[in-house]
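Below is one structure, written out as structure tokens; comments come after it.
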Amino acid sequence: MRCMVCAKISFKHICSLCQKELLSPSLYKRKLYGNIPVYSFYKYHDIEPLLLSKHTPLGAYLYAIMAQNSFLPFAKDFDYERRVCSVAVDDHVRHGYSHTAILNKHLKSDSIQPRFSVLRAQNSISYSGKSYQERLLNPRKFKYKEIKEEEMILVDDIITTGLTLTQAIQKVQENGKKVLFCLTLADARD
């Protein structure tokens with residue numbers, strides 16, 4: 001097969017050299033509802049073609065590669081006084097896989113236990129390309145499944161307006177749990 005970035009022969013969808021050049025993460029930070037920090041590993045425009053693959057069968061492979069280069073090293077370096085869980089935001093399987101579940105899976109470490117099917121949106125309207133106003137008019141209406149951990153990290157692929165994560169934080173807090181911070185693959189804000 002060929003590397004999707006440079007088109008050289010490769011055993012991976014993105015060769016090691018392109019991964020090193022394109023997918024070396026940097027942490028970008030912003031704050032949301034209740035002063036909760038959101039850390040993103042990439043700027044959206046830097047990896048946009050890879051992010052747009054999420055609704056294709058190839059997307060599962062590309063999201064795994066991006067997670068291996070960002071979420072996995074983060075999890076290895078993360079140290080906290082007690083074990084916490086990570087929760088994928090709306091990890092419902094669509095198009096054969098869940099992109100947020102792939103990201104969340106790569107957070108497994110001595111300090112982080114990934115949890116799945118905890119926060120599921122009851123509204124299936126896509127926010128992609130929608131204005132802030134349209135997003136406000138169509139809230140996610142998250143359903144929360146109880147878990148034992150009291151503290152968690154929320155995981156999503158992209159932060160644009162922050163509305164999805166804000167709604168997720170509110171739902172978690174309504175259920176007496178604490179969000180330490182949120183992790184996203186990419187920040188769409190310039």
Side-chain angles (χ1 to χ4, degrees), residues 3-5 10-51 53-54 59-91 97-119 147-160 162 164-166 168-169 171-173 177-190:
C3 171
M4 295 189 60
V5 177
S10 173
F11 291 111
K12 301 173 187 171
H13 288 86
I14 301 175
C15 72
S16 298
L17 183 60
C18 287
Q19 285 186 45
K20 187 176 180 181
E21 289 178 9
L22 179 66
L23 297 176
S24 292
S26 299
L27 275 181
Y28 302 95
K29 181 181 176 184
R30 66 160 109 165
K31 296 222 175 181
L32 286 181
Y33 177 83
N35 219 19
I36 305 286
V38 179
Y39 299 100
S40 302
F41 294 102
Y42 306 102
K43 289 293 187 182
Y44 181 89
H45 63 271
D46 290 338
I47 59 169
E48 183 176 12
L50 302 176
L51 294 168
S53 73
K54 78 177 170 182
Y61 299 105
L62 298 180
Y63 266 71
I65 289 170
M66 291 186 285
Q68 288 166 2
N69 283 276
S70 55
F71 282 75
L72 185 63
F74 178 89
K76 285 181 182 178
D77 291 340
F78 181 74
D79 188 30
Y80 194 64
E81 56 201 37
R82 61 192 153 276
R83 195 160 195 205
V84 299
C85 71
S86 57
V87 172
V89 174
D90 197 25
D91 58 355
Y97 69 96
S98 166
H99 54 283
T100 56
I102 290 171
L103 301 174
N104 193 29
K105 178 183 103 170
H106 286 83
L107 285 174
K108 186 169 180 56
S109 68
D110 291 340
S111 298
I112 305 171
Q113 176 62 51
R115 296 283 181 221
F116 301 92
S117 304
V118 175
L119 275 175
I147 55 175
K148 65 182 178 182
E149 290 89 357
E150 296 298 318
E151 298 175 306
M152 67 184 69
I153 300 164
L154 294 181
V155 175
D156 205 354
D157 64 332
I158 302 166
I159 180 168
T160 306
T164 296
L165 284 171
T166 296
I169 292 166
K171 181 53 88 173
V172 166
Q173 290 176 345
K177 305 294 181 168
K178 180 181 179 183
V179 176
L180 297 175
F181 56 87
C182 304
L183 281 178
T184 67
L185 199 52
D187 188 335
R189 184 177 65 176
D190 286 325

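Computed from a predicted structure; not experimentally measured. Position 1 is the first residue of the sequence, and the numbers go up from there.
With rounding to the nearest 0.5 Å, the separation of CG in L27 from CG in L183 is 8.0 Å. In this structure, CZ on R30 lies 11.0 Å from SG on C182, to the nearest 0.5 angstrom. Here the NE2-CD1 distance, from H45 to I47, works out to 10.5 Å after rounding to the nearest 0.5 Å. With rounding to the nearest 0.5 angstrom, the CG atom of D157 is 7.0 Å from the CG atom of L185. Atom CD1 of I14 is separated from atom CG of L22 by 6.5 Å, given to the nearest 0.5 angstrom. Atom CD1 of residue I102 and atom CG of residue D91 lie 11.0 Å apart, to the nearest 0.5 angstrom.
The two residues I158 and A188 have their closest heavy-atom pair at CG2-CB, 4.2 Å. Considering every non-hydrogen atom in both A168 and V89, the closest pair reads CB-CG2, 4.2 Å. Of all non-hydrogen atoms in A88 and A101, the two that sit nearest each other are CB-N, 4.1 Å.
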Side chain to side chain contact (heavy atoms under 4.5 Å, CB included) between L154 and L119: does it pass, once the steps are laid out? CA-CA 9 Å; L154 294 181; L119 275 175; 3.8 Å; yes
Give the table of side-chain donor-acceptor pairs shorter than 3.5 Å for residues 32-43, with sequence neighbours excluded, one pair per line with atom names and distance.
unit_1 : atom_1 : unit_2 : atom_2 : d
S40    : OG     : T184   : OG1    : 2.5
Y42    : OH     : L23    : O      : 2.8
K43    : NZ     : R189   : O      : 3.3

Just distance, no hydrogens or angles: give the donor-acceptor pairs under 3.5 Å from side chains in residues 64-78, sequence neighbours left out.
unit_1 : atom_1 : unit_2 : atom_2 : d
N69    : ND2    : Q19    : OE1    : 2.8
N69    : ND2    : I65    : O      : 2.7
S70    : OG     : M66    : O      : 2.7

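Using a 4.5 Å heavy-atom threshold, the side chains of M152 and I147 count as touching. Taking 4.5 Å as the limit, some side-chain heavy atom of K105 sits within range of a side-chain heavy atom of F116.
Between the side chain of S10 and the backbone N or O of C3, no donor-acceptor pair lies under 3.5 Å. At least one donor-acceptor pair closer than 3.5 Å links the side chain of Y97 to the backbone N or O of K54.
Annotation: side chain to side chain donor-acceptor pair (under 3.5 Å) contacts involving residues 106-116, sequence neighbours excluded, comprise R83-Q113, K108-Q113, R115-E149.
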